[in-house]
Amino acid sequence: MIRRPLSVGLRLWIAALVLVLVILPLAGLALAYNFRQAVNHSFDERLGTLLNVVLAGVRYDPLAGQLVVTRSLGDARFDRVFSGWYWQASDGETLAVTSRSLWDQRLAVRLPATPGQVAFDTVGPRDTPLRAMQRPILLASLGRPLYVTVAASREEPDAEVRSFERLLGLSLLALAVLLLTGLALQIRWGLTPLRRMRAALRRVEAGDASRLDDQGLPGELADLATAMNEVIDKDQRLIERGRNAAGNLAHALKTPVAVLQTQADRLPPAQREQVRAELARIDDAVRHHLARASAAGGAALAGRTRVLPVIRPVLEGLGRLAARRGLVLETALDEQLTLRMDPQDLQELFGNLLENALGWAHTRVRVTLARNAEQGQLCIEDDGPGMTAGQREAALARGARLDEQRPGSGLGLAIVAELVTLYGGTLDLDDSPLGGLRVSISLRR
């Protein structure tokens, strides 16, 4: 099974969806990363400021043999036990002075490979994740390095980052919805000329218009419409030329065939019948291909045709013939029925069917015109002998004769089948409630 390609609009929308789903998450990751870096940098600067205050107040008392801090950081969290905000001054061995918030705990001392201030993540009391800032200093009265550290819980910057990421996610989601909605509207607006052009093509196909309307189309599509109109005009000319050539051929062969038929009457009986049979085959072939050429031209761009006004002359003429033969011609006609068929071809089709029904009927023939939402139906029934399944199949073959004793070429149903096929309709042969054959034809309205 061949899959139908996606429409242009759906292709564009899928491409836009892929771009939005790829670009927005990447942009969100980049923004979240930069924001996290900015928050961490700001937090480190804050810790650095507090560290400088502690550094300025650290003293070593040689008499007492202990460290003291003479300045307060002015933040109550450093006085609340296990608040998450701590400072400490330690030599890494025995000497240490800490904020009240540390209580009896100590912060880890990192011994850097090179002297200088370092920032690092560590774990504090109660396994709290901390961000620490540490700087080594030398006190003249101590004689060895002293490591001063200020640490704070990561809860505050992490919460700020999470809040930003949540807000960013919602914002990007809203932006994605707005972008996709805008792109969908843009695609729909951008493809409007194509939809108009498609509608114009359907009108031409249906026969409601003979050319594409290029008014109001963008330049590219206007050029395309002009080119297609030129192709349509060329095809119309070729079709008309073909129909004229077929008609001229038929008329050109008509006289020589008539002359040959007259000459055949002078031949001996055995030869006369043989020549007449071959001439009949020539006449049948000419009529068949003329009907096909005529129908092909009409089917190309057939418009809607009111059925009843077209078939009324045929119905009246054959109705008089039926009356002379003592046949009853019943009609049930929808006066508003239209079919997408050339009037000339419609007359040819209806005439062949009605003539065939009158030729086989015993007493009655019924003609019905009906319609539904999309199709119109022409039905002709008779109370004649009808057909078997094999006879129905043979009747549609060109030139088939079910009764050689009856006059005619045998082309009636074959020509009807050709016309119905060329106009995209359906032809059904089945038993009629009247007792004979019912021929039902369905065509587009």
Side-chain angles (χ1 to χ4, degrees), residues 29-168:
L29 291 174
L31 288 172
Y33 173 79
N34 290 326
F35 182 79
R36 187 181 301 109
Q37 293 298 104
V39 169
N40 289 335
H41 179 70
S42 176
F43 197 63
D44 286 348
E45 287 187 343
R46 184 177 177 185
L47 291 177
T49 301
L50 294 172
L51 178 61
N52 290 332
V53 175
V54 176
L55 287 171
V58 174
R59 297 288 183 270
Y60 174 68
D61 185 352
L63 295 177
Q66 62 182 12
L67 297 171
V68 294
V69 176
T70 60
R71 292 191 180 184
S72 172
L73 296 181
D75 192 328
R77 288 177 293 187
F78 288 101
D79 296 325
R80 191 169 63 247
V81 177
F82 300 148
S83 64
W85 289 75
Y86 314 107
W87 60 259
Q88 171 184 288
S90 173
D91 63 356
E93 296 177 2
T94 58
L95 290 177
V97 61
T98 66
S99 63
R100 179 177 174 77
S101 56
L102 266 175
W103 195 243
D104 58 350
Q105 301 291 313
R106 296 292 182 267
L107 298 175
V109 175
R110 176 166 296 190
L111 301 177
T114 58
Q117 183 171 297
V118 294
F120 57 93
D121 292 323
T122 186
V123 177
R126 297 181 178 179
D127 295 328
T128 304
L130 300 177
R131 181 68 172 171
M133 188 73 65
Q134 175 183 287
R135 183 188 303 173
I137 61 172
L138 289 175
L139 297 178
S141 57
L142 183 59
R144 60 180 182 271
L146 186 66
Y147 298 94
V148 180
T149 307
V150 173
S153 171
R154 291 200 57 88
E155 181 180 351
E156 182 178 330
D158 289 346
E160 190 174 354
V161 170
R162 286 195 300 271
S163 176
F164 174 80
E165 289 177 344
R166 183 167 55 254
L167 179 60
L168 178 63

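Taking each heavy atom of Gln134 and Ala108 in turn, the nearest pair found is OE1-O, 4.2 Å. Of all heavy-atom pairs spanning Arg131 and Ala119, the tightest one is NH2-CB, 3.6 Å. The minimum heavy-atom distance between Leu130 and Ala151, with the atom names listed, is CD1-CB, 4.2 Å. In terms of heavy-atom proximity, Ala32 sits nearest to Leu168 at N-CD2, 4.0 Å. In terms of heavy atoms, Leu47 sits closest to Met133 at CB-CB, 4.0 Å.
Side chain of Ser90 to main chain of Leu95: a donor-acceptor pair is present (N/O by atom type, distance under 3.5 Å, no hydrogens or angles). Between the Ser101 side chain and the Trp85 main chain, a donor and an acceptor come within less than 3.5 Å of each other. In this structure, Gln105 contributes its side chain and Pro125 its backbone to no donor-acceptor pair below 3.5 Å. Between the side chain of Ser99 and the backbone N or O of Tyr86, no donor-acceptor pair lies under 3.5 Å.
Test Val97, Val53, Val148 against Val69 for side-chain contact (heavy atoms from CB on, under 4.5 Å) and you get one pass: Val97. Tested against Leu67, the residues Thr98, Asp61, Asp91, Leu146 include a single side-chain contact (heavy atoms from CB on, under 4.5 Å) partner, Leu146.
Other residues, nucleotides and ligands place more than 12 heavy atoms under 6.0 Å from the CD atom of Gln37. Residue Arg100 places its CZ atom among 12 or fewer non-hydrogen atoms of other residues, nucleotides or ligands, all under 6.0 Å distant.
The ring pair (Phe, Tyr, Trp, His ring centres under 6.0 Å) pairs that include a residue from residues 117-162 number zero, where partners must be two or more places apart or lie in different chains.
The OG atom of Ser141 lies 7.0 Å from the OH atom of Tyr60; values are rounded to the nearest 0.5 Å. Here the CZ-CG distance, from Arg154 to Asp121, works out to 5.0 Å after rounding to the nearest 0.5 Å. Going from atom CG of Leu73 over to atom OG1 of Thr49 covers 11.0 Å, rounded to the nearest 0.5 Å. Note that CG of Leu138 is 11.5 Å distant from CZ of Arg144, once rounded to the nearest 0.5 Å. Atom OG1 of Thr149 and atom CZ of Arg106 lie 12.0 Å apart (nearest 0.5 Å). Note: Leu50 CG to Trp87 CH2 = 12.0 Å, rounded to the nearest 0.5 Å.
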Please determine whether side chain to side chain contact (heavy atoms under 4.5 Å, CB included) holds for the pair Leu51 and Gln117, giving the CA-CA distance in whole Å, both sets of side-chain angles, and the decisive distance to 0.1 Å. CA-CA 10 Å; Leu51 178 61; Gln117 183 171 297; 3.6 Å; yes
- Decide side chain to side chain contact (heavy atoms under 4.5 Å, CB included) for Thr122 and Leu107; before the verdict, give the C-alpha distance in whole Å, the side-chain angles of both, and the deciding distance to 0.1 Å. CA-CA 9 Å; Thr122 186; Leu107 298 175; 5.6 Å; no
Kindly indicate, with the supporting measurements, whether the criterion side chain to side chain contact (heavy atoms under 4.5 Å, CB included) is fulfilled by Val54 and Gln88. CA-CA 9 Å; Val54 176; Gln88 171 184 288; over 6 Å; no
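Contact of the Glu156 side chain with the Val39 side chain is not registered, since no non-hydrogen atoms from C-beta on lie closer than 4.5 Å. Contact annotation: the side chain of Leu139 never approaches that of Arg59 to less than 4.5 Å [non-hydrogen atoms, C-beta and beyond]. Counting heavy atoms from C-beta outward, Glu160 and Phe35 have side chains that approach closer than 4.5 Å.
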